[in-house]
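Have a look at the structure below before the remarks.
Chain letters run A, B, ... following the sequence lines, proteins first, then strands; residues in each count from 1.
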Amino acid sequence: MKLLELLGYYNYWVFAIALVIGLYAVISKTNLIKKLIGLSIFQSAVFLMYITMDKVEGGTAPIIKAGVEDQIYSNPLPQVLILTAIVVGVSTLALGLAIVVRVNERYGTIEESEILESD
Amino acid sequence: MDLISHLPALQVIVPMLSAPIIVLLHPRGLAWAGATLAALVSFAISIALAVAVLGGETQTYAMGGWPAPFGIALSVGGLSALVLLVVTGAAAIALLAARPSIDQQIELERQPMFYSAWLLGLAGLAGIVVSADAFNIFVFMEISSLASYVLIAGGPDRRALLAVFKYLIMGTIGATFYLIGVGLIYMMTGTLNLADMESRIGDVAQTRPVLVAAGFITIGLALKAAVFPLHVWLPNAYTQAPHMITVFLAACATKVSIYVLIRFDYMVFQPTMAEHDNQFALFLMPLALLGILVASAVAMFEGNIKRLLGTSSVAQIGYIMLGASFISLAGVEASVMHIFNHALAKGGLFLAVACIAYRFRDLRIQELGGVAKTMPFTCAALVLCGLSLIGIPGTAGFISKWLLITASLESGPFGWIFVAVILVSSLMAVVYIWRIVESLYFGGSANRDTVIAEAPLQLLVVTWIAALANLYFGFFPEVPLALADNAAGVLMGYGK
Amino acid sequence: MIDLAVDALSWVLLALGGICVLIGGVGALRFPTFYTRTHAASLTDTMATLLVFSGLMLQAGFTLATLKLLAIMLFLLLTGPTATYALANAALESGLKPEAPTIPGRTRKKADS
Amino acid sequence: MIFVFSLFLLSLLIIIAIAIVQAKNLFVSVMLLSIFSLLMATNFFILDAADVALTEAAVGAGITTVIFLSALALTAQRERKVVGGRTIALIAVGVLASLIIYATFEKPRLGDPNAPVHQHVAPWYLEKTPEYIDIPNIVTAVLSSYRGYDTLGEVFVVFTACIGVLFILGAKPASLRGERNVERAGLRHHLIPQVVGRLLVPFIVLFGLYVQFHGEYGPGGGFQAGAIIATGVILYALLEGEAAALRAIPRSVLLGLVVGGALLFGGVGVVCMFMGGAFLDYSVLQSDPVWGQQLGIVIIEAGVGMAVCGALLSIFHAFAAREIAQ
């Protein structure tokens, strides 16, 4: 039982580890696209944290079934928030990639170190 | 419902819904006219809102008609009204003057999208300020951030792209940190509404998730607000942006993040967290002091005039943080006043720089020798705003510096240290403003073959409006003071 | 009685499908060349899909879910092999020749046929 | 059983995340990222979030990958070796990870019904939705009515990204258009994918429409539908060449969809204001408030679908046009 309870936190640990893996890529990689890939992992991890909150034991997706009484439904609110956040994430990514494409056109490279040298 | 009660919602949706229409306005100048009109209307709305809340009451609005913790609520109090004035005012002023400068820097066929992004930036910032819902703030933060990435990427130099990429990475990390913090608080309280959060956080205030959430939110917003030492993206972004965008963003973008930070730290965390004082005293205050000193010192040695002013912004953000970290009525009031006054001074300075940049492409200080001979009016406005930035009596900057010094002296036995820091950094401000002035007025004029004349009338008139506003609010600071006083009362009233 | 038989059949199908996936996975890891690996992996696309979905449909009975499962199965049966083909074709176009490798310790009997 | 499965999936998530960061070939990284998103979607589904799973699969695994690949086609495929700077990054993220894990031990356990999130606001939604809005999918109800203002904001985030990409990459099609060799026009010389793809495109669009209009009853809604329809059109563009896709849906139509969708959503809000309610208060649209809510939700979901579909396709075409110009 103790172990099971501890495993109840496993989602949060995965969130933490995926988050820092993404952040590590953003900080330490010099390739601009790799940075954006890291950013994408970083954001996805946060989605996991929110969605973990909405789960209820014995619950189901919050779509009300007609005629079924006493059904437990999971929490709809974090789902709504993450729907929004996913779209925000892809928008940021598209903009970032557009900038990277332009950087590549103007500098001829997408390695940060080489760009800094050429300025 | 009458029009007055709709004002908080209109504040956001007027610029937001104008943006898609602007994209379609292709004939020359129409996009600019439409955007300016929308910005002026929202400026008028914010004035009406400021008048409505001047007496100290708060205007709330239930989006979709749903009651507060279930739907999204908007609320406008003294603090929000003042920040709204700054945001919409900066947008309106900058857009009014923008056309000559933007025509020079952005190709005609890309202009409708550019102005549309500008309005979205305005809508995003206004949306953050009026919102009373933690997640809604995130959504509008992203609108304003994405819009400002687009605007800065309009800068003609290829270095603009790199600056904006860095800003995008930093901004997204900041926003995601904020999102994590909000998620943790939501996990412990079950609500997203700020007022509801405040009343429910008391029971769980000492739990680890809430403490970690406070850390995430503070770091995330500090990144967005360019608080020292998280400011590295700011000088580059401001230097490389199109000149009129620098006017707009320097005047209001970082201030809105500070506004959210203050709101969170004073209204959500303050009443319940015993460690709150320590959080400020141990972390934010030293950072504020370091920021003031280091950034002022760096600004003294910057070569590019825009970069110099951008670095000086980091120091000014330090002043705002310093005032907030006293956790006293006077301190918060000084802080709020400085948000307003710094926007006036820095906006005016960057407008003057935009005037100069219209005629001179190279903005390194030593290249600008003797500009004052050909552009006397522009340079006079620049000097006036510079004096306000330094804090000379009679200008707006003096009011907030004076309030800040008073608050420092009241803050306890070590108050004189803060006063010393403020005075030293003001001296440094004298030095870096003087470097510009010296070059403009007394520098040897280089050989220039092109015809150099005064900036276009449109730019010049608006620049002078901003410069005179610095004087006006130096002599008659009653309205912003009343709003700041009201704001400080509300913010501190929650704690005590 | 009928119910039991249907249930048993569906479990057999599911188990067989699972085995196909497993074989496909092992093959994709253990086979020597690109084309042989693709060949092994394509087992999951076709046979496994067919078996697993048939099993699931039997479990679901005559409901809307069965219809949906049928639609998904058809979709997978269309796209899976197409993707495998596209993959192999791309490899061929980029110059990877489908040659049988020489496995050490064995002699190939009809190398030229 | 499902618990063990979810442990397995979550561990796989971490392994793939590490593989993404380690891979030196950016193409490999992007494909792994797509798998990462798909796994994430599966996890969401196990956690009872069907709508989010659908969105993550369509947007995260589908659209994101397409955009990444089109950007990769314009830049470099391989990453250079990084020298130095790793230790500081490792220390920083290590501290962050321990901080978050430190916080977890006082969090409510996974699935704890007594957690504050299940006690305060959420039960109200579950309880009152049948009375006020009367649609089965609570997520759609919260998304488009209770928190409709957030969704409006989100549509404008997509709109901003769309005009941002068009602004940065230049809205005008490149001058080299028209004289491309036929070789590069999509997959014309690949018979099998083309035949199968042609067969699938109408069904993908049909499924998108189903997701759009079934969003009140099952998982789905404007965002998912917009993303799915966009995927269908992108598939068409890959098969027949970008020019054919643009002939079918020209740029001006796409821009019209984006602008129209955003304005439709906002317009509904403004109409509500004129009819005496608050902004986005759909109850006033009809004499019966419940009908009004349902009408409002259908209209704004349509607006969302239009805007998202148009924006994603505009972004795709902006990248693809660059590719041809080079």
Side-chain angles (χ1 to χ4, degrees), chain A residues 5 8-14 16-18 20-21 23-25 27-31 33-34 37-38 40-41 44 47-48 51-57 59-64 73-77 79-80 82-84 86-88 90-91 93-95 97-102 104 110-111, chain D residues 7 10 13-14 17-18 20-21 26 29 33 40 44 47-52 55-56 59 63-64 67 71 74-76 79-80 82 85-86 89 93 96-97 100-101 104 107 109-111 113 117-118 122 125-126 136-139 142-143 147 150 154 157-158 161 164-165 168-169 223 315 322:
Chain A
E5 231 164 69
Y9 297 119
Y10 192 67
N11 284 43
Y12 294 125
W13 300 339
V14 171
I17 295 169
V20 296
I21 290 174
L23 193 60
Y24 171 76
I27 298 173
S28 71
K29 299 287 173 182
T30 58
N31 185 299
I33 289 194
K34 202 61 178 281
I37 291 175
S40 184
I41 300 176
S44 294
F47 305 162
L48 185 65
I51 297 301
T52 303
M53 279 186 242
D54 80 358
K55 172 85 178 165
V56 196
E57 270 158 13
T60 171
I63 298 167
I64 291 178
Y73 296 106
S74 61
N75 188 344
L77 190 51
Q79 303 191 19
V80 172
I82 290 316
L83 277 179
T84 309
I86 287 175
V87 178
V88 168
V90 74
S91 307
L93 214 60
L95 208 53
L97 284 171
I99 294 168
V100 172
V101 167
R102 294 282 296 148
N104 188 51
I110 52 168
E111 295 288 334
Chain D
L7 284 186
L10 287 168
L13 212 57
I14 298 287
I18 293 173
I20 292 170
V21 177
L26 291 172
S29 268
L33 189 67
M40 197 60 117
F44 290 162
L47 293 166
D48 289 339
D51 281 273
V52 185
T55 314
E56 176 72 25
V59 174
I63 302 285
T64 308
I67 299 177
L74 296 170
T75 53
E79 177 190 5
R80 301 252 159 71
V82 190
R86 285 187 182 184
V93 300
L96 188 68
I100 301 171
I101 292 176
T104 52
K107 281 177 187 172
R109 195 169 41 80
L110 172 70
V117 284
H118 301 308
Y125 291 138
L126 292 168
N137 190 349
I138 314 274
V139 175
V142 178
L143 184 82
R147 296 188 72 87
D150 265 356
E154 186 187 347
V157 171
V158 177
V165 170
I168 291 171
L169 293 182
F223 290 111
I315 290 171
R322 282 267 153 186

With a 4.5 angstrom heavy-atom cut-off, is it the side chain or the backbone of [X] that approaches chain D, or both, or neither?
X       : result
A/Leu83 : both
A/Leu93 : side chain
A/Gln79 : both

Between [X] and chain A, with a heavy-atom cut-off of 4.5 Å, which part of the residue counts as in contact: side chain, backbone, both or neither?
X        : result
D/Ile168 : both
D/Leu33  : side chain
D/Phe44  : both

Between [X] and [Y] (side chain of the first, backbone of the second, donor and acceptor by atom type, cut-off under 3.5 Å), is there such a pair?
X        : Y       : result
D/His118 : A/Lys55 : yes
D/Asp48  : A/Asp54 : no
A/Lys34  : D/Ser29 : no

TODO: Begin with the C-alpha distance, continue with both residues' side-chain angles, and end with the deciding distance and a verdict on side chain to side chain contact (heavy atoms under 4.5 Å, CB included) for D/Ile20 and A/Ile41.
DONE: CA-CA 9 Å; D/Ile20 292 170; A/Ile41 300 176; 3.9 Å; yes

To the closest 0.5 Å, what do you measure between [atom1] ([X]) and [atom2] ([Y])?
X        : Y       : atom1 : atom2 : result
A/Ile17  : D/Ile14 : CD1   : CD1   : 4.5 Å
D/Arg147 : A/Leu77 : CZ    : CG    : 5.5 Å
D/Ile18  : A/Ile21 : CD1   : CD1   : 4.5 Å
D/Leu10  : A/Thr52 : CG    : OG1   : 7.5 Å

Open item on the list: Out of A/Ile99, A/Ile82, A/Asn11, return the one with the most heavy atom pairs under 4.5 angstrom to chain D.
Closed with: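 Ranked by heavy-atom pairs under 4.5 Å with chain D, first place is A/Asn11.
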
- [ ] Please determine, among D/Ala49, D/Gly164, D/Ala97, the option with the most heavy-atom pairs under 4.5 Å with chain A.
- [x]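 Highest number of pairs under 4.5 Å: D/Ala49.
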
TODO: Tell me, out of D/Val59, D/Thr64, D/Leu126, who's got the most heavy-atom pairs with chain A below 4.5 Å.
DONE: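 That would be D/Leu126.
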
Task: Results of salt bridge (charged side-chain N to carboxylate O under 4.0 Å, His left out) for D/Asp51 - residues two or more places apart only - done: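 Applying salt bridge (charged side-chain N to carboxylate O under 4.0 Å, His left out) to D/Asp51 gives none.
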
TODO: For residues D/Glu56 and A/Ser44, report the shortest heavy-atom separation together with the two atoms involved.
DONE: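 Minimum heavy-atom contact is OE2-OG, 4.4 Å.
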
TODO: Could you give me the CA-CA distance, side-chain angles and deciding distance for A/Leu95 and D/Val165, then say whether side chain to side chain contact (heavy atoms under 4.5 Å, CB included) is met?
DONE: CA-CA 6 Å; A/Leu95 208 53; D/Val165 170; 4.1 Å; yes

Open item on the list: Apply side chain to side chain contact (heavy atoms under 4.5 Å, CB included) to residues D/Ile101 and A/Trp13 and explain how you reach the verdict.
Closed with: CA-CA 6 Å; D/Ile101 292 176; A/Trp13 300 339; 4.0 Å; yes

- [ ] Output all residues satisfying side chain to side chain donor-acceptor pair (under 3.5 Å) with A/Tyr73, sequence neighbours left out; order by chain, then residue number.
- [x]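 Testing A/Tyr73 for side chain to side chain donor-acceptor pair (under 3.5 Å), a comparison that skips the adjacent residues, returns none.
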
